[in-house]
Amino acid sequence: MNKPRALGPPQHHHLRSTPCTRTHQIGALLVVVATFFLTRLFDHSFAPCSTATAAIGRDGAHESAVARFDGGGAFAWPRRGYGDRLSLRIYVYEEDEVDGLKALLSGRDGRISPESCVKGQWGSQVKIHKLFLESRFRTRKKEEADLFFVPAYVKCVRMMGGLNDKEINRTYVKVLSQMPYFRLSGGRNHIFVFPSGAGAHLFQSWATYINRSIILTPEGDRTDKRDLSAFNTWKDIIIPGNVDDKMTSDAAVQPLPLRKRKYLANYLGRAQNKVGRLRLIELAKQFPEKLECPELKFKGPDKLGRQEYFEHLRDAKFCLAPRGESSWTLRFYEAFFVECVPVLLSDQAELPFQNVIDYKKISIKWPSSRIGPELLEYLESIPDQSIEEMIANGRQVRCLWVYDPESNPCSATNAILWELQRKVRYFHQSTETFWLHNGSFVNRDLVEFSKWRPPMPLP
């Protein structure tokens, strides 16, 4: 009778088996561990180095979100929040290309020049237009464009009497009806700049015609009589206010050492009958040695010039930035150029480039409902070392408030381009766009896109 054979590999009796001892097991384990670490070492040695990541470095356990300079002075964008490189094609409409566009740039009589509109809070409208005209990402072929830029200086034109509100509204509608590519996408790939406190509401019918378009504005909470806001965090981009070009250079107004600054804080602005501003004026009367809050004169012999304004601004450790007619304030951006820590007293304010800037490292936001002695007590409790650190961090990123050519990697221009790249879609559609099996786009009457003729009906 055959005995049952144990399961396992066949036995080769002509080979002598060597017993597996504990020593052999330990040795095999050591070989595996050594192989793992050597493989990791070689992977790191020969892996390509990411310039952006290497330049940014690490902040604790995670990569810093703050765009900054490396040790050699080169500016780098963090990979977190942006990509590796810019790849954009932007078409810029010419003023004579579309009927009515010239009026949005220079008024009904064509008498308003770009030079007269480049100053003040609406100057970024002119600057962005000029920078896009000179951009290496500009294309002159509509069919290959990712985005379309619609230039207009309507705030300046309105202020200088070039167009009234009804004319602005009527002219915008006329312009948009001349743009086949606007109709094709429903405006989703078209860019508009509205840099004043009124935002896109300067175009009274914005909600009907450009509610899907990309809006560049410093204004994040402006609403109309129907309680509708033109700003949408999903598609629109907050841009910096337009700081006077003469004040953004390092040599414009030299910052004072902290020990030489006369005041703990200051507020330089008009009351405009706004609650927060009125509270600051009263607080300055209670604590004149801590808070400077002069009555500014913008006309007459006592008018405060731009240079004097910045010299006042630098005489405090903290520059208070309450809201005015709207949530944003230019004072927030100006503070960085005199190395004064901005204190935002505007609850609804939206800030630019939050993908790459950690604002708690360069500024303070305090509840506007708690403007009083406790605010000054809090600011007084902050040690100078912490203030110096915030100033140093702000010094690194304030170049992002400057509308320099895109050849300067640290500029508002490049930051806006990065943000725009995040808005690009491969495919666009609208309620009046249809497509067929052969890839052609048609309108509701089945007319191919190449045969669309303006003026075209708009929503």
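Note that the structure is a prediction, hence the values are computed from the model and not measured. Nothing fancy with the numbering, it's 1 onward along the sequence.
- Within 6.0 Å of atom CG in Asp109, more than 12 heavy atoms from other residues, nucleotides or ligands are found, so the atom counts as buried in its surroundings.
- Around atom NZ of Lys274, more than 12 heavy atoms belonging to other residues, nucleotides or ligands sit under 6.0 Å away.
- Sorted by first and then second residue, the pairs that involve residues 160-189 and meet ring-ring contact (aromatic ring centres under 6.0 Å, His included), not counting sequence neighbours, are Phe148-Tyr181, Tyr172-Phe203, Tyr181-Phe449, Phe182-His190.
- Heavy atoms only, all atoms of each residue included: Gln354 and Leu351 are closest at NE2-O, 2.9 Å.
- Ring centroid separation for the pair Phe336 and Phe332 comes in under the 6.0 Å cut-off.
- The one candidate from Ile168, Leu163, Asn164 that meets the side chain to side chain contact (heavy atoms under 4.5 Å, CB included) condition with Lys166 is Asn164.
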side-chain contact (heavy atoms from CB on, under 4.5 Å) between Gln421 and Ser87, intermediate numbers included: CA-CA 7 Å; Gln421 181 162 275; Ser87 178; 3.9 Å; yes
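- Here CG of Asp244 is found 10.0 Å from CD of Gln307. Values are rounded to the nearest 0.5 Å.
- Within 6.0 Å of the NZ atom in Lys246, the count of heavy atoms belonging to other residues, nucleotides or ligands does not exceed 12.
- A pairwise comparison of heavy atoms in Ser177 and Pro454 identifies O-CB, 3.7 Å as the closest pair.
- For the pair Ile239 and Ile128, the minimum side-chain heavy-atom distance is below 4.5 Å.
- Considering Lys317, Lys260, Arg259 in turn, Lys317 is the only one that fulfils the salt bridge (charged side-chain N to carboxylate O under 4.0 Å, His left out) rule with Asp384.
- For the atom pair OH of Tyr153 and CD1 of Ile112, the computed distance is 11.5 Å after rounding to the nearest 0.5 Å.
- Nearest heavy-atom pair, Asn242 versus Gln121, reported as atom, atom and distance to 0.1 Å: CB-O, 4.2 Å.
- Going from atom OH of Tyr378 over to atom CD1 of Ile364 covers 4.0 Å, rounded to the nearest 0.5 Å.
- The six-membered or imidazole ring of Trp366 lies away from that of Phe318, with a centre-to-centre distance of 6.0 Å or more.
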Stepwise side-chain contact (heavy atoms from CB on, under 4.5 Å) check, Val397 with Asn393: CA-CA 7 Å; Val397 298; Asn393 290 333; over 6 Å; no
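- How far SG of Cys293 is from CG of Leu280: 6.0 Å, rounded to the nearest 0.5 Å.
- In this structure, CG in Asn169 is found 11.0 Å from CD in Glu167, a value given to the nearest 0.5 Å.
- When the shell of 6.0 Å around CZ of Arg140 is examined, it contains 12 or fewer heavy atoms from other residues, nucleotides or ligands.
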Check against side-chain contact (heavy atoms from CB on, under 4.5 Å), Val447 and Val442: CA-CA 5 Å; Val447 177; Val442 296; 5.9 Å; no
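- Salt bridge annotation for Glu292-Lys262: absent, with no cationic side-chain nitrogen under 4.0 angstrom from a carboxylate oxygen.
- Counting all heavy atoms, side chain and backbone alike, Arg331 lies closest to Leu320 at CD-O, 3.4 Å.
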Chi angles and distances behind the side-chain contact (heavy atoms from CB on, under 4.5 Å) call for Tyr403, Asp245: CA-CA 9 Å; Tyr403 289 91; Asp245 287 341; 5.9 Å; no
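- In terms of heavy-atom proximity, Ser346 sits nearest to Ser327 at OG-O, 2.7 Å.
- Rounded to the nearest 0.5 Å, atoms OG1 (Thr171) and CG (Leu104) are 5.5 Å apart.
- Screening residues 335-345 for salt bridge (charged side-chain N to carboxylate O under 4.0 Å, His left out) gives Glu339-Arg395, Glu339-Arg398 as the qualifying pairs, with residues at least two apart or on separate chains.
- Comment: Glu94 engages Arg138 in a salt bridge, judged by a side-chain N to carboxylate O separation of less than 4.0 angstrom.
- Electrostatic pairing of Glu282 and Lys285 counts as a salt bridge here, judged by a charged N lying under 4.0 Å from a carboxylate O.
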